[in-house]
Number of protein chains: 2
Amino acid sequence: MGNSPHDREAGVVQSVDRAIAILELLASAGEAGITEIAEHLGVHKSTASRLVATLQARELVEQHGERGRFTLGIGVLRFTGALGRQSEIVRVGTPLCEELADKLGESVHIAVLDGADVINICEARGPAAVSTQNWIGQRTPPHTSSSGKVLLAAASRAQQDEILSKELEAVAPRTITDPRRLREELERVRRDGYAVAIEEFEPGLHGVAVPVHGRGDAVIAAISASGPAYRMKRKQMREMVAELQVAARELSARLGHR
Amino acid sequence: MGNSPHDREAGVVQSVDRAIAILELLASAGEAGITEIAEHLGVHKSTASRLVATLQARELVEQHGERGRFTLGIGVLRFTGALGRQSEIVRVGTPLCEELADKLGESVHIAVLDGADVINICEARGPAAVSTQNWIGQRTPPHTSSSGKVLLAAASRAQQDEILSKELEAVAPRTITDPRRLREELERVRRDGYAVAIEEFEPGLHGVAVPVHGRGDAVIAAISASGPAYRMKRKQMREMVAELQVAARELSARLGHR
DNA sequence: GATTACTGTTGCGACATGGGCAACTCGCCG
DNA sequence: CGGCGAGTTGCCCATGTCGCAACAGTAATC
């Protein structure tokens, strides 16, 4: 996704949109230089330099050395903790994800339902993680992931009907796109207390997820592990479910729900 | 601080600077409407509306209702966890700050030294907190606060010399501005293991801070409590020091240092 | 040590964009 | 039902943003 006029949404302020894209690039990549940022955005490097300088003036970006590369700056901390419940889950959940990612060797995420989408709000990549993509904040359709199935299974009937009444997009060859099959699958998730996604989001990628409970039966989040199919055999996935359930209970307790 | 041409730094991209100011306003105020944002920035409300729409398109801002007020959006989570050590301290420290703020009834902060400045990276306001200002990410001169004195006392001799060789700005009538007096004060802080600021940052405001240790003797942060002078008597401050020291040890342990 | 290549920065002027104005829609209130 | 104030949007033009060219600095190569 570039930043050419074709990609830009109508009615947005171009230079602001570009500046946010820079922040997202730095959040994903960790660090970058001006030339790299310019290429990513599809703009001249003097343009990138000025946008970065503006972010730097407000401490959202920080340069290492006199003419060095750039990382996110400490000013982004101003935006944390002002989000309400999600930031509470993030604060408590992120160390848990990291512990578990280390233990399982795979990536661990916590996700919530937001409207008709699933959003990852915590992410910890396992030591053997292949992808470097930053999924935090990104929306995915709930029928395509193990987390999504967990959250959908626990959603209200009205919310399920809303989501299942629309065409279920096939994001991978094995995505479940038949609403009847999906309802059966959600029934299975409710019964088993966990969900799996077998190459349904991406070929070669498996995932398992369990619910994180709030008060009573309410499900406030899902915690999941994912990894390549060749490592996630049935036995590994069963073990992961058990570990995820322990982590889910701990997260719930730390949030004051149990 | 407005956003008129007089306030704007040379060389920054105006519209990006304005967009960041909107994010900072929402982080501080919690929520705002377009008219309020426009007034804060000193621009027309159509301008504010378009800037907010651009932030909204990238989910950094979220509108409540069809024409309702705005808050920070979940997209700001993309920027967390990409900061390195500070974000680790934030994740672990923020719940600690909140527990302690509840317990002490005053505001609690965690700060680090960054160059010649002190930066607050965690903040929890007590139930009785008066100020609503968001201090996270803001820089203050280290000689003016209890946290600053703790961090300065633990800094290298070179760093102390650098900071004390410059004019010590009086930000309040009681700010210590004499370098010799400050050195004596830092000696006292090292000996006592805590610092106090008696209306040195702001008339009517007291603060106490203790060091958070990393490996060995290294001080990686300071944790502090602050509140109005009429509530922070000598006895209360002694009790606060004890509580802050417990919290500092816990934070240090959770960061894997002790 | 000189040369080359690449990085990031900055002055300048053109023009594409951002911004203000006016008018609009919508919800709330009397 | 009308007035008020919020947020939104079409339009046009003033200006802020951008690309170009040149620069400075650093590292690698010969």
Side-chain angles (χ1 to χ4, degrees), chain A residues 2-23 25-26 29-73, chain B residues 1-26 29-73:
Chain A
N3 241 241
S4 68
H6 305 91
D7 293 326
R8 191 157 58 89
E9 249 176 88
V12 305
V13 178
Q14 178 180 248
S15 40
V16 172
D17 195 59
R18 283 172 170 168
I20 297 166
I22 292 170
L23 291 174
L25 172 64
L26 293 177
E31 67 165 13
I34 291 292
T35 303
E36 184 180 346
I37 291 166
E39 282 167 5
H40 183 83
L41 294 182
V43 298
H44 197 270
K45 60 186 178 150
S46 59
T47 301
S49 182
R50 289 198 175 93
L51 291 167
V52 167
T54 306
L55 296 168
Q56 196 172 359
R58 294 269 192 171
E59 301 194 89
L60 301 186
V61 159
E62 175 178 327
Q63 184 173 30
H64 297 275
E66 195 68 13
R67 289 180 171 238
R69 292 163 75 77
F70 297 83
T71 60
L72 284 185
Chain B
M1 193 271 253
N3 240 242
S4 70
H6 303 93
D7 292 325
R8 193 155 57 89
E9 251 176 87
V12 306
V13 178
Q14 177 180 249
S15 44
V16 173
D17 196 58
R18 283 173 171 167
I20 297 166
I22 292 170
L23 291 175
E24 288 176 0
L25 172 64
L26 293 177
E31 67 164 13
I34 289 294
T35 305
E36 184 180 345
I37 291 167
E39 282 165 7
H40 182 83
L41 293 184
V43 299
H44 196 272
K45 59 186 179 147
S46 61
T47 301
S49 182
R50 290 197 173 95
L51 291 167
V52 167
T54 306
L55 296 169
Q56 195 171 0
R58 294 270 193 172
E59 300 194 89
L60 302 187
V61 159
E62 175 178 329
Q63 186 173 28
H64 298 275
E66 197 65 15
R67 291 178 172 238
R69 295 164 71 77
F70 298 83
T71 60
L72 284 186

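Here is how names work: the chains are called A, B, and so on, in the same order as the sequence lines, proteins then strands, and each is numbered from 1.
- Contact detail for A/A48 and A/I37: the closest heavy-atom pair is CB-CG2, 4.1 Å.
- Nucleotide D/dT8 holds its P atom 10 Å from the CD1 atom of B/I37, rounded to whole Å.
- Proximity note for B/S15 (side chain, C-beta onward) versus C/dT9, C/dG19, D/dC18: the nearest is C/dG19.
- At whole-Å resolution of the value, CD in A/E39 and C1' in C/dG8 are 13 Å apart.
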- Starting from the C-alpha separation in whole Å, work towards a yes-or-no answer on side-chain contact (heavy atoms from CB on, under 4.5 Å) for A/T47 and A/R18. CA-CA 10 Å; A/T47 301; A/R18 283 172 170 168; 4.1 Å; yes

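- Following rounding to the nearest Å, A/L41 (CG) and D/dT17 (C1') show an atom-to-atom distance of 14 Å.
- Out of C/dG8, D/dG7, D/dG19, the shortest distance to the side chain of A/T35 is found at C/dG8.
- Between A/Q63 and A/V16, the residue anchored closer to the 5' end of DNA chain C is A/Q63, taking for each the nucleotide with the nearest heavy atom.
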Please list, for nucleotides 20-23 of chain D, all pairs of protein and nucleotide N/O atoms separated by less than 3.5 Å.
unit_1, atom_1, unit_2, atom_2, d
D/dC20, N4, A/S46, OG, 3.2

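- Within the 3.5 Å criterion, the main-chain N or O of A/T71 finds no donor-acceptor partner in the side chain of A/E31.
- C/dG27 atom C1' lies 18 Å from atom NE2 of B/H64, rounded to whole Å.
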- Query: Passes side-chain contact (heavy atoms from CB on, under 4.5 Å), A/R50 versus A/S46? Steps please.
  - Reply: CA-CA 6 Å; A/R50 289 198 175 93; A/S46 59; 4.1 Å; yes

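- Each of A/Q56 and B/L51 was assigned the nucleotide of DNA chain C with the nearest heavy atom; the assignment lying further toward the 5' end belongs to A/Q56.
- Remark: B/E39 engages no residue in a side-chain hydrogen bond (donor to acceptor under 3.5 Å, both in side chains) (not counting sequence neighbours).
- Under a 3.5 Å cut-off, the side chain of A/Q56 and the backbone N or O of A/V61 do not form any donor-acceptor pair.
- Rounded to a whole Å, the CZ atom of B/R18 is 13 Å from the C1' atom of D/dT17.
- Rounded to a whole Å, the CD atom of A/Q14 is 6 Å from the P atom of D/dC18.
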